[in-house]
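When a ligand or atom number is given, it counts from 1 through the structure's own listing order. We're numbering straight along the sequence, starting at 1.
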Amino acid sequence: MKYEELCKIYERLEATSSRLDKTEILANFLHKLKKEKNKEIIYLLRGSVFPDYSQKEVGISAQLAIKAISKATGIPAEDVVEEWKKSGDLGKTAEKLVKKKKQITLFQKELTTEKVLENLRKAAELEGPGTIEKKISLLAELLSAAKPIEARYLIRTVLGELRVGTGEGIMRDAITWACFGREKAKEYVASVEAAYDKANDFAAVFEAACHGVKKLEEIMLVPGKPVKVMLALKAKNIADAFEQVGKPAAFEFKYDGFRMMLNKSEDGKITIFTRRLEDVTKQFPEVVEYVKKYIKAKSFIIDSEAVGYSPRTKKYRPFQEISQRIKRKYDIEKLSKELPVEVNVFDIIYYNGKSLLNEPFRKRSELLRKIVKGKKLELKPAEQLITDSESKAESFFRKALKAGHEGLMAKNLDAPYKPGARVGYMLKIKPEEKEFDLVIVGAEYGTGKRGGWLSSFVIACRDEKTGNFLEVGKVGTGIKEKQEVGLSFDELTKMLKPLIVEEHGRDVRIKPKIVVTVVYQNIQKSPKYASGFALRFPRITRLRPDRSPSDIATLSEIREEWEKETGRKKS
Ligand code: ATP
């Protein structure tokens, strides 16, 4: 296919913000694409040259792109940069410069989508000496053949800045409209979505959909290829959980860590994916060893939660403290000793060559417990209780909290596993939240994208005897909090920066002025904080400009709450 044809589609998609219009433009285009042998053009629609499950990257930065533009147009790199500064958009810059050059070029070869895929994929595979030069040449070759509009979108594609609004939902709808007709979309959209949640590959889904719904349903799980995880809904309490998932139900400890999909493919290779489909196998060498040691099967996909613990006290630690392991690329062995994880396996969706997605949870869980022989602090099945008794479930809930976990998950014993879906087959139950007004006395600068912004905040109560402010915990940031507070953490940073009184590396001390409402789940004794207590799972929910630091919760109020919770005092 001519690349220009695709670029015209990008242009039309960019020109409308209406979801329906975008779906229609895409569906019409896909209708044409049905006849093409190479369905992988669909990746380009999404601004990539690989399926969504792939971790591969073209790896061309703006600096390299500038050199390629210069090479293709004969315009010095400094002039390209000058031009870029004016528009702020390197795609537009490439378009303008290619246009300039084209006035003197007579002959030109048509650029095809196949050639774009080929060159950009080659660029992604390059390694070793000379890589940079070769990448520049591959892109320059495309740019030399490109029409101005093609240059614009080529550059945006390699920089990951296509942004034409071809998100997952729109792609799913467009494939449905193109293959089954717009009128029948309602009937078929769920099959397209289910296939995508298994494959994470729109070319494969589109190819199957072209051949009908049966082929879509045949899309299989493949161990070693990431699949979306099933998501949870909430239950208010144990009674509500039984109401939603039926009796008896399986209750499991809810570990406060992060999701890990453990895969073993038929050739024995082990891979670990996060719920965002990132391959983190290299980051968790000890988990690979546990999987080999404790799970006996030829092939599988097993769902689990990895939770961090302190190597010294063996106590579980909150997710934030181990989250750095997910992205870490160096000192991996060292970090695995400092921030070890325990893997709690709780579901199996593929076993020895067969998908178990449609088997009931009862069966999947039984099989899992048969093939996993685990060890505490390494890898083991999640703590589980199958019961129809509310009082037994309640005491299991208390046991989970006492052991330092977030609460329970309640699971429907007859339910299948639906990748990517939030269908209420598993529910989370957390203790009722309580709140205190507290003051911010410290913070920490974020790293990476959040560099320059304060990203976690130390909160304190007031010692009514001395008037001092004593720390009771640290609150991290996150999207959820942002929505609740109605104020972004960036805005909070702006308010706090003028109040900084001391800096030690990334840590800062802040003059106690800003009062916030903090909700939490429970209180623990903690030598880490000056108050001697730590709020567990704290979240800032509101700013309290109407309150002064003298109005905040006192140390004795916190102690009293802790006594109530731990049964030292009757409420
Ligand atoms: P969400 O999944 O709703 O986007 P979240 O990441 O905050 O939000 P929760 O909804 O609070 O997670 O709880 C569900 C998560 O709990 C699961 O995604 C999983 O990572 C984790 N989890 C811990 N223990 C278990 C368990 N035994 N079974 C299933 N999930 C568990």
Checklist entry - Is the closest basic N to carboxylate O distance between R364 and E359 below 4.0 Å? => result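 Salt bridge absent between R364 and E359.
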Item to check | Electrostatic pair E305:R259 at N-O distance under 4.0 angstrom | outcome: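 No.
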Item to check | For L221 against Y350, the heavy-atom pair lying closest together | outcome: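 Smallest heavy-atom distance, with atoms named: O-CE1, 3.7 Å.
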Checklist entry - With under 30° as parallel and over 60° as perpendicular, where do the rings of F253 and F396 fit, or are they tilted in between? => result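 Geometry flag for F396 against F253: tilted rings.
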Next on the checklist: Students often mix this up, so state it plainly: with edges at 30° and 60°, are the rings of Y316 and Y255 parallel, tilted or perpendicular?
Outcome noted: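 If you compare the ring of Y316 with that of Y255, the planes turn out perpendicular.
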Show me which atoms of ligand 1 lie under 4.0 Å from any heavy atom of [X].
| X | result |
| --- | --- |
| K411 | 26 (C), 28 (N), 29 (C) |
| K428 | 3 (O), 9 (P), 10 (O), 11 (O), 13 (O) |
| R275 | 1 (P), 2 (O), 4 (O), 6 (O), 18 (O) |
| E252 | 26 (C), 27 (N), 28 (N) |
| K430 | 11 (O) |

With heavy atoms under 4.0 Å as the rule, classify the contact between [X] and ligand 1 as side chain, backbone, both or neither.
| X | value |
| --- | --- |
| Y255 | both |
| R422 | side chain |
| F258 | neither |

Item to check | Proximal candidate to atom 18 (O) of ligand 1 [heavy atom criterion; set K234, R259, M409, E383] | outcome: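 The nearest heavy atom belongs to R259.
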Next on the checklist: Judged on heavy-atom distance to atom 11 (O) of ligand 1, which of K254, Q384, E406 sits nearest?
Outcome noted: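 The nearest heavy atom belongs to K254.
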Item to check | Member of D201, T157, D52 meeting the side chain to side chain donor-acceptor pair (under 3.5 Å) criterion with Y43 | outcome: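 Among the candidates, only D201 passes.
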Checklist entry - Is the closest N or O pair between A382 and ligand 1 shorter than 3.5 Å? => result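 So ligand 1 has no N or O lying under 3.5 Å from an N or O of A382.
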Checklist entry - So, Y417 versus F361, ring centres under 6.0 angstrom or not? => result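 No, they do not, as the ring centres are separated by 6.0 Å or more.
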Next on the checklist: Just by distance, no angles: are the side chains of D507 and Y445 close enough, under 3.5 Å, to form a donor-acceptor pair?
Outcome noted: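 Side-chain D/A pair, D507 to Y445: absent.
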